Amino acid sequence: MKRTIVPLGPFHPLLEEAEHFQLYVEGETVVDIDMRIGYMHRGIEKMSQYKTFDQVPFTVERICGICSTSHPIAYVNAVEDLAGIEIPERAKYIRNIVAELERLHSHMLWVGLAGHFIGYDTVFMWAWKYREPILDIFELISGNRNHYAMMKPGGVRRDIKEEDFPAIISMLDTLAKGNELFTGAVVDDPVIHARTKGVGILSKEDAISYGTVGPTVRGSDISDDIRTDDPYAGYDLVDWDVITYEGGDVFAKAAVRLLENFESIKIIRQSLEKMPPGPIETEVREIPPGEGVGHAEAPRGEVFHYVRSDGSACPVRHKIRAPSFVNIPSFKATCIGETIADVALITASVDPCYCCTERMAVVDRQTEDVLMSGEELVRMSREKTKEIKEGLGQETPIDKLARKLQRGEL
Amino acid sequence: MSVKMWGLKKSPWVYHVALSPCNNCDIEILDLLTPRFDVERFGIKLVGSPRHADALLVTGSVNRHVLPRFVELYKQTAKPCVVFAIGSCGLSSTMFRDNYNIVGPIDKVVRQIDPNAIIAYVPGCPPKPEAMISGVVKALSVL
Amino acid sequence: MSGSVALTAVKESMPAKILEIVERSPARAYVYIAPEEIVAASRFMFEECGVRLATVSGVDTRSGIELVYHWMSAKDHQFIMIKTKVKKPFPEIDSVGSFLPAAVWIEREIHDILGVVFRGHPDFRKLILSDDWPEGIHPYKRGVRFGEFKA
C-alpha cells in the first residue's frame with residue numbers, strides 16, 4: 001500500500017514519520033484509532049537495578065520533564081512503604097509545596113496548548129507568561145527551572161527558607177487573579193462552548209473499564225484522586241477539595257484543570273503557614289528486603305511505582321507506570337464517532353505527555369493512504385473555530401481578554 | 001557586534017526535532033517563543049520542514065525506534081546546516097548511554113552519515129532559554 | 001485487621017483458592033493465588049469489588065516470573081496485590097485484557113520486556129520495543145546484563 005506523508009508543521013516537536021497515532025476515517029468521521037508508542041523508551045526501569053536507592057530519584061525525574069517531581073515522589077513513597085520509614089512533618093509540607101507548584105505549572109502549560117489548538121494564540125502567550133514566575137520560584141527554591149531534585153527516601157533534599165516565602169506568596173496572588181479572570185472568560189465564551197461541550201465524551205463506564213486517572217477521570221464525575229484515596233506527603237494535613245465535573249467532555253476536563261489551580265494555590269498557602277520548624281529528613285541507613293508500592297497524583301493522573309529490594313544497595317526491580325499509559329488507550333472510546341476537526345482537541349484534553357499528541361496521522365480506511373498529519377489536524381481544529389466565530393459575528397469574552405492583554409492591561 | 005545587529009543581518013530558520021527526550025528541552029525551546037524571551041525579534045524562526053531550515057534543534061538521545069527516521073530527516077535537511085544538540089542527552093546520552101535501547105548521542109549518529117557535519121552543543125538539563133539563544137547566535141555566526 | 005470492604009470480600013468470596021494473604025499494613029495487602037485462576041480472580045476484583053487495576057508488575061526470579069496485579073481500592077484507601085508465578089522457560093498465563101480494556105497495553109508491555117505469553121489477548125503486537133527488535137531478547141530477564149546488549 002502506498003503511503004503519502006505530509007510534512008509536519010512548525011509548532012510541535014515532531015518527526016516526519018507520523019505513525020504514532022493512526023486515525024482510520026470514512027469521510028469525515030473517525031472509525032478506528034491505533035496507537036504506537038515506544039519512541040521515548042529509554043529503559044529507565046532497567047537502569048534502576050544498577051543505581052543505589054538514593055541515585056534513582058535523579059533518573060526517574062527525567063522520565064518526563066513536565067511531571068518532573070511526581071515520579072520522584074511516587075518512588076520515594078514506594079521506598080518508604082517498603083522500609084516503613086516515616087518522614088518529618090516539615091518534609092511533608094515541603095513535598096506538598098513542590099508538588100502543587102508543579103501542578104500549577106503543568107496546568108498553565110496545558111491551558112496554553114489547548115488555547116493554541118482551539119485557535120486562541122493570545123491565550124497561549126498569556127498562559128505561558130503566567131507560567132514563567134512559577135519557574136522562577138522553582139529556581140529560587142531548588143536552583144533549576146525544571147528537574148528540581150528535591151526528593152529523597154526519608155524526606156527532602158533542600159529546605160524552603162522563610163525569607164523566600166514572600167516571593168512565593170506574591171506569585172500566588174498574581175496567579176490567582178489571572179486564573180480567576182481566565183476561568184470566568186472560558187465559562188462564558190460561546191466559541192469554547194461550541195468547540196468543547198459534548199465533544200469527546202468519556203462515559204463513566206468507559207472511564208472505569210479503561211482504568212483512566214487524573215483530570216481525565218474527574219471530568220467524568222468520578223472522584224478518584226490519589227491525594228485523598230491514599231494520602232501521601234502532607235495532603236491530609238491541609239484543607240482542600242477534590243474537583244470533579246460532570247459531562248466527560250473536553251469542557252469538563254478543562255474545567256477540572258482550571259478549578260484545580262485554585263485548590264493548588266490553597267494547599268500551598270496553608271502549607272507555608274503551617275510548616276513547623278524541624279528536620280527535613282529522616283536518616284535511612286539501609287533498605288531491608290521486601291517490596292513497596294508508591295503512587296502520587298501527578299498533574300496528569302496517577303503515577304505508580306513498585307520497588308522490590310533484596311537487602312542490597314540497589315533495587316532488584318523497579319516498575320514504573322505513567323498516567324498517560326492508561327489514559328491514551330481511552331482514545332478508543334472518545335475519538336471514535338467524532339469528526340477529524342475535533343480529534344486534536346480530544347487528544348489534547350487528556351493531556352498526554354506533550355510529545356505524544358503531535359505524532360498523529362489520519363489514514364483512509366479503504367485505501368490506507370495517509371491523508372493528513374498531526375499539524376493538519378491542529379490546523380483543521382483552528383479553522384473550525386474561525387468558522388464558528390464568523391458565524392457568531394460578535395466579540396467573545398476571550399477576545400476581550402486578548403485585547404486587554406495586547407494593550408498590556410493584564 | 002550586538003545581538004540585535006546580528007539578528008538584523010541574518011534570520012536563521014530552525015527546525016525542531018525531538019528524538020527521545022523527556023520533553024523538558026522541548027518545553028524550554030517553546031518558551032523561546034513566549035514574550036519573555038521572544039526569539040522572533042532576533043529573526044530566529046521555527047519552520048515546518050527541514051528542507052527550509054538552516055539549523056536543526058535536536059533534543060534527546062537517539063534510540064533504536066527513531067534512528068531510521070532521524071537519518072532520513074538529516075539527509076533531507078538543506079545543507080549547509082548546523083545541528084544543535086540541545087541538552088545533555090544529545091551531547092553524551094548521560095546516564096542512558098549503556099541502555100539496551102539507546103544507540104548513542106547525536107554526534108555519533110550524525111558523523112556516520114556525514115563526517116563533515118557542523119555540530120554545536122548546548123549543555124544543560126535542561127539548558128536555560130538564555131543559554132540556548134546564546135548558543136544559537138554564537139554558532140550561526142560560523143555559517 | 002483492617003475495615004476494608006474489598007479485602008473482606010476477597011477473603012470471604014474470592015472464586016480462586018487463596019494460597020496466602022499477607023497484610024503488611026492497613027494500606028497494603030498481598031494475596032497469593034495460582035496462575036490458572038487469574039481470570040476468575042481478576043473478574044471478581046473488577047466486577048464484584050469495584051476496584052481499579054493500576055498496573056501489573058513482572059519480576060524475573062529464580063523460580064519463575066512473578067506477576068503482581070495491583071488493584072487500587074479508593075474507598076478503602078488500600079492497594080490489594082494479587083500475586084502469582086508463572087514457570088519458565090515458556091511463561092504463559094490467561095489474558096485479563098480479554099475482558100478488561102485497562103489490561104490490554106499492560107500485558108503487551110510485559111510480553112515485550114519479559115516474554116510472558118498472555119493467552120486470549122485481543123491485540124498481541126509489540127508495544128514499547130521497535131518492530132525490528134530481535135525476537136527472543138527480552139531486556140528485563142535476569143540474563144540480560146546492563147550494557148551487554150546494545151541496540
Side-chain angles (χ1 to χ4, degrees), chain A residues 19 34-43 45-51 81-82 84 206-213 217 222-226 228-232 236 290-295 302-308 310 316-323 325-326 328-330 332-333, chain C residues 22 24-28 30 46-47 50-61 66 68 70-81 83 97 99-106 108-110 112-114 123 125-131 133 139-142 144-147 149 151:
Chain A
E19 268 187 346
D34 191 27
M35 294 152 280
R36 261 317 250 128
I37 60 172
Y39 293 93
M40 300 295 133
H41 184 66
R42 286 157 288 161
E45 295 175 18
K46 184 93 182 172
M47 265 163 62
S48 291
Q49 296 171 6
Y50 297 84
K51 302 253 178 269
D81 178 44
L82 202 177
D206 280 331
I208 295 175
S209 66
Y210 279 93
T212 48
V213 290
V217 79
I222 298 175
S223 153
D224 262 353
D225 187 326
I226 308 297
T228 48
D229 294 343
D230 189 13
Y232 58 95
D236 47 355
E291 52 194 340
V293 160
H295 50 170
E302 178 200 33
V303 153
F304 177 92
H305 283 238
Y306 167 76
V307 176
R308 184 179 285 203
D310 61 355
V316 155
R317 177 78 173 102
H318 182 188
K319 163 77 182 171
I320 305 170
R321 199 273 281 137
F325 198 75
V326 283
I328 290 180
S330 73
K332 268 201 157 16
Chain C
V22 175
R24 201 155 284 153
S25 72
R28 307 277 186 264
Y30 295 80
F46 182 64
E47 286 163 12
V51 294
R52 172 172 63 85
L53 182 66
T55 194
V56 181
S57 306
V59 188
D60 192 6
T61 65
E66 196 167 277
V68 188
H70 305 275
W71 294 92
M72 176 67 196
S73 172
K75 53 185 186 297
D76 299 311
H77 310 292
Q78 182 186 52
F79 255 115
I80 303 175
M81 262 57 83
K83 289 176 93 166
F99 72 90
L100 185 61
V104 171
W105 274 27
I106 294 170
R108 278 170 74 184
E109 187 191 6
I110 297 184
D112 275 356
I113 60 176
L114 282 169
D123 178 15
R125 291 170 296 164
K126 280 207 159 37
L127 187 70
I128 56 173
L129 296 176
S130 52
D131 287 327
W133 191 267
Y140 285 73
K141 294 199 83 148
R142 283 152 59 88
V144 182
R145 283 212 161 291
F146 193 65
F149 172 73

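Computed from heavy atoms alone, side chains included, the values below leave out hydrogens, waters and symmetry copies. Model, not experiment: these values are computed from the prediction. Per chain, numbering begins at 1; letters A, B, ... match sequence-line order.
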With rounding to the nearest 0.5 angstrom, report the NE2 to OG1 distance, A:H295 to C:T55.
13.0 Å
With side chains defined as the heavy atoms from C-beta onward, is the minimum distance between C:M72 and A:F304 less than 4.5 Å?
no
Which atoms of C:V56 come close to chain A, meaning under 4.5 Å heavy atom to heavy atom: side chain ones, backbone ones, both, or neither?
backbone
Counting only non-hydrogen atoms closer than 4.5 Å, does A:D81 touch chain C with its backbone (N, CA, C, O), its side chain (CB onward), both, or neither?
side chain
Could you tell me which non-hydrogen atom of C:A102 sits nearest to which non-hydrogen atom of A:G211, and how far apart they are?
CB-N, 3.9 Å
Looking at A:E291, A:Q49, A:E45, which one has more heavy-atom pairs under 4.5 Å with chain C than the rest?
A:E291
Check each atom of A:I226 against the heavy atoms of chain C and say whether the ones under 4.5 Å are side chain, backbone, both or neither.
side chain
Report yes if some heavy atom in the side chain of A:Y210 is under 4.5 Å from a heavy atom in the side chain of C:W105; otherwise report no.
no
Might you point out which heavy atoms bring C:R28 and A:D230 nearest each other, and give the distance in Å?
NH1-OD2, 3.1 Å
Mind checking whether A:R308 and C:V68 have side chains closer than 4.5 Å, heavy atoms only?
yes
Just wondering, do A:E302 and C:R52 contact through their side chains at under 4.5 Å, heavy atoms?
yes
Please name the pair of heavy atoms, one in C:A74 and one in A:D224, separated by the smallest distance, quoted to 0.1 Å.
CB-OD1, 3.7 Å
Contacting moiety of C:F99, where chain A heavy atoms sit under 4.5 Å
neither
Which bit of A:T228 comes within less than 4.5 Å of chain C, counting heavy atoms only: side chain, backbone, both or neither?
backbone
Could you pull out the closest heavy-atom pair between A:V293 and C:M81, with the gap in Å?
CG2-CE, 3.8 Å
Sorted by chain and residue number, the side-chain contact (heavy atoms from CB on, under 4.5 Å) partners of A:V326 (sequence neighbours excluded) come out as A:V213, A:R321
Run the salt-bridge test on C:E66 and A:R317 with the 4.0 Å N-O cut-off and return the result as yes or no.
no
Check each atom of A:T212 against the heavy atoms of chain C and say whether the ones under 4.5 Å are side chain, backbone, both or neither.
backbone
Go through the atoms of C:A54 and report whether side chain, backbone, both or neither lie under 4.5 Å from a heavy atom of chain A.
both
Correct closest heavy-atom pair for C:P101 and A:S209 would be CD-O, 3.6 Å
List in chain and number order the residues that pass salt bridge (Lys or Arg N to Asp or Glu O under 4.0 Å) with C:R108, two or more places apart in sequence or in another chain; answer none if no residue qualifies.
C:D123
